[in-house]
Amino acid sequence: MTVEPRQRQRLSPNGDDWPSCLENDPDPPRQLNVDGCLAHIEGPTVAIVGTRRCTAYGRAIAAEFAAALSKAGISVVSGLARGIDTQAHRSALDAGGAMPIAVVGSGLDVVYPAQNAALWREVAHGGAVVSEYHDARPAAPWQFPQRNRIIAAFADVVLVVESHERGGALSTVNEALRRGRTVMAVPGSVRSPASRGTNRLIADGAEPALEVGDIIVALGLAMPTQPSLLTTDVLDDELRLLLEALGIDGAAIDDVLVRLGGSFGWRQSQLQRLEDLGRVANVDGWWTPLG
Amino acid sequence: MLAAVSSSVLAGIDGRAVTVEVHAANGLPGFAIVGLPDATVREARDRVRAAVLSSGYAWPDVRLTVNLAPSGERKVGSGLDLAIAVGILVVAQVIPDDRAREFSFIGELGLDGSVRRVPGMLSLVDAARRRRVVVSPDAAIEAGLVGDRDVCVAPTLRDLVGALRDGLPWGDAVTPQTRPSVAAVPDLRDVRGQPAARLALEVAAAGGHHVLMVGPPGSGKTMLATRLPGLLPPLDDQAALEVLRIRSAAGLLDGVSELPRQPPFEAPHHSCTPVALVGGGAYRLRPGAISHAHGGVLFLDELAEFPAGHLDQLRQPLEEGIVRIDRAVGRVAFPARIQLVAAMNPCPCGADGKPGTCVCSDQRRLLYRRRVSAPLLDRFDLRITVRRPDASLFMSDHETESTDVVAQRVMAARARAQSRGVRCNAELRGADLGEHCRLSARGHDLATEWLESGEVSARGLHRLQRVALTLADLAGDDREIGEDQLWSARGLRAPFRGPHGFAA
C-alpha cells in the first residue's frame, strides 16, 4: 500500500485548525508545522515520556501501555526521541488503534535522531509529526525542553515511564503541572537509576500507573476491555524456578548454569521461551525479569 | 676455468635453487658478483676472501666473476657464502670439480673460515638440487628434518676441503642450545566459573570455529584465549614442518632440535602495522602474525581498537588459509590457516554488563561496535559475552575440568569430524551440511520456525548447524541434530546488533 504524502500544514493561532488545547496556553507556540493529520488531538490523549537511556523494563512497559492505549482509541503523544519515546510510538503504531502524535525538537525536514527516520515517516503517515520550528531548523539541545511544553499542552495525562533523577522528562512534568494536566508515573525498582526520577515523582504525589486501567480512570473514560499488566499465563514449574533463579536484578546464563545446572542449550531455550512470553528481557546476554 | 656450484636462497619462506657460477679469466685480478645480489650477498666478497685466506689457501690471482643463476631473480641472505667459496676453491684447483658437483652448499662464512647457519635452513635444504647437502654443525638437525637428503656437516672451510679433497670424514652434528620457543600453555583448570565461555572454548577447539569474546576488562577474555592452544590437537608432521619453515625463515629460531608439536599462539598488539599482521615488507617479504599463527591461534585482543582497514585485510586469508603478497620485489604466498580468537569490550567505558552500570550513550556504544565490520563479524561462528565471575564462585575450591580432560573430548570430536573428509567442522561447506548435519524432526521444526520469523538468516542457520554438529561430536552423539544442540549453537552465537547487541 502506498500512502500519498499529505500536504504539509502550517497552523497559526488565528486559523481554524489551531488545536483547542493551545487556546489558553500560558506559553503557546507562534506557529505549528504539521506533517500528517492532527485531528486526533481533539480526542483523549496521553503523553508517554521518559528517558532516552531506558532499561528493558521501561521499554516493555512503554510498549505495553502504548499498545493498550492505542487500542482503546487514545492517542499517544511523545517526542520521537530515543528510548521510551521511540518504543511508545512504535507500539502505538503497531497496535493499529488511535494513531500517535509526535512533537519534535527540530524542523520537519531534519530527522533527529537519524535512526528514527522510518518511524518518523510512519508516524507522519498514520498520525502526525508536529514542530514549532521552521522546516530546516537543525536539532539543538535547548529546543527539546522547549518542545516538551507542547507535548504537555497536547496531552490530557502525562505518563512518565522511566526517568533518571534529572531527566528531560521531568521538564515535561513541570510544564504539565503549569497547565493543570494530570501527571502519572510508572514505579520501578529502587535500585534502578532509570526509575529514580519516576519513583521520586510518586513520592511527591504523582499518581502511580500500575496498569493501563489506572490511566483510563485518570482520563475519566471507561475501558472497553481491561487487559492486566501482568500476563496471566501459567508458567510450568521449571520456568518458574528459572525465573526465580534470575533474582530481581536478573542474571547471565552463567549464573543460571551455576545455580540450577542443566545443559547450556536447554537453559538457553527456556530463557528464550520466557522472553517470548514477555517475562524476561535480554540485553547483551543479561536476562532481566519483567514481571 | 669455470665452476658451477649448487646452493639456494630464500624467497618469502620458500627456498629457490641457485647455481653459483665462478669464472676465472686472465687479466687484472678482481672479484665481482653479478646476478641481482642484494647487500648481504655483495658483502660475501669480503667474507669469502677473508675465510679462504684464514683457512690457509691462496687467493687465485685471476679475474673472478661470480654469477648467481637464475640471474633475473633477486638473491638475499648470506647463505650463498659457502657455495661461492667452494666455487673459488674449485677454480683455484684446491677442490676437485667433480666432487663439488655432488653437493649443495648452504651456509654463511665467518672471517676465520667457520661455517654458520642461516635463517630458513629447512626451506633452503628442501630447495637444494643435490641429494647431498653441506651445512654447519648447528644446522644439521634442522636440515635433516627435510627427510630425503644426506646432510653432511662442515664445521669449517678447512674441514670441508678435507672431506672433499682428501676423503676425511665429515664433522658431527651439534644439537643447538635452544630456548623453549613457546612457553608452557596454561591450564584450563585455572578458569573459575564461566560455564558458557568454557563450553564455547571447547566447541571452538573441537570444530575449529572462530571465536569472538565480548566482555568488560577483568572478565577473563585473555585468560580464556591463552588456554585454547592447549585444547587443540598437537600438530601433525606436515603442519609442524610448515610452522617450522615459517619460524625459521623469519629468523626467530636459534636452532632447531625437534619438530614443534604445540599449535602456535600469536597475539599481535592493536598498534601493529598491516604488514606485521598479514606479511610483506620493503625488500625482503616476511610472513606476518597471521602466518606465524598458522596451524594455531591468532588472538586479537581489543578487536575494536584495531584499525578497520587492518582487520578487513584478514578476510581473504581467513577464507583461503593462504595470504598472497604481491610487491615490486616479488610475489609470495604464505600459509595462514588460523583459528581466529578475538576479544573486545562491550563499550568504551567497560562496565560489567549489568543494566544501568554503563555510562556510555547509545551512540557511543553503537559507534564502538561498528568498528568491527559486519563481514568480519559474520565469520565468527561463536560470539559470546563474558562476565566477571561471581565472587563466591571465584573463591570456592569448586573443582573445574583441566585442559587434559577437555583435550581428550576435543580429540575424539575431531576424529569424528575427520571422517567427513575435513580437518574440522568449520571447514564444511554449506553444500555438504545437508549430508553430514541431519536435523531431527523437532530440530527441523525449530529451524523452520527461526527462519520464518526472521530471527535467523539462511546463512546464519548454516553457521548454527556447523556449531551444532561440533556439539554433537563432543557429546559423542551420532544421531541427528536435535533441539538442544541448535539452542546451544544459538546461545553461543549472540547477534551483536545495535547498541545492546542482543536487543533490537
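Chain naming here is simple, since letters A, B, ... match the order of the sequence lines and numbering starts at 1 in each.
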Pair Q115(A)-L366(B), side chain to side chain contact (heavy atoms under 4.5 Å, CB included): steps then yes or no: CA-CA 11 Å; Q115(A) 298 102 303; L366(B) 210 56; 4.0 Å; yes

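- Both the backbone and the side chain of L492(B) come within contact range of chain A, judged by heavy atoms closer than 4.5 Å.
- Within 6.0 Å of CZ in R438(B) there are 12 or fewer heavy atoms belonging to other residues, nucleotides or ligands.
- Looking at S263(A), the atoms closer than 4.5 Å to chain B (heavy atoms on both sides) all sit in the side chain, from C-beta outward.
- Summarising the local packing, NE2 of H444(B) is surrounded by 12 or fewer heavy atoms from other residues, nucleotides or ligands at distances under 6.0 Å.
- For residues 84-97 of chain A, heavy-atom neighbours of chain B at less than 4.5 Å comprise no residues at all.
- For chain B, no part of R191(A) is nearby; none of its heavy atoms comes within less than 4.5 Å.
- Between Q268(A) and G491(B) the shortest heavy-atom distance is CD-CA, 3.3 Å.
- Nearest approach of A196(B) to I253(A), heavy atoms of both residues: CB-CG2, 4.1 Å.
- For the pair D254(A) (side chain) and Q194(B) (backbone), a donor-acceptor distance under 3.5 Å is absent.
- Residue-environment remark: CZ (R52(A)) stays at or below the threshold of 12 foreign heavy atoms within 6.0 Å.
- Counting heavy-atom neighbours within 6.0 Å of R273(A) CZ, excluding the residue itself, gives a total of 12 or less.
- A distance of 6.5 Å separates CD in E455(B) from CG in D276(A), rounded to the nearest 0.5 Å.
- Annotation: R53(A), atom CZ; neighbour count of heavy atoms from other residues, nucleotides and ligands within 6.0 Å does not exceed 12.
- Contact record, G285(A) with T385(B): CA-OG1, 4.2 Å, taken as the closest heavy-atom pair.
- With values rounded to the nearest 0.5 angstrom, L486(B) atom CG is found 11.0 Å from S269(A) atom OG.
- For residues 449-487 of chain B, the ring pair (Phe, Tyr, Trp, His ring centres under 6.0 Å) pairs, not counting sequence neighbours, are W450(B)-W487(B).
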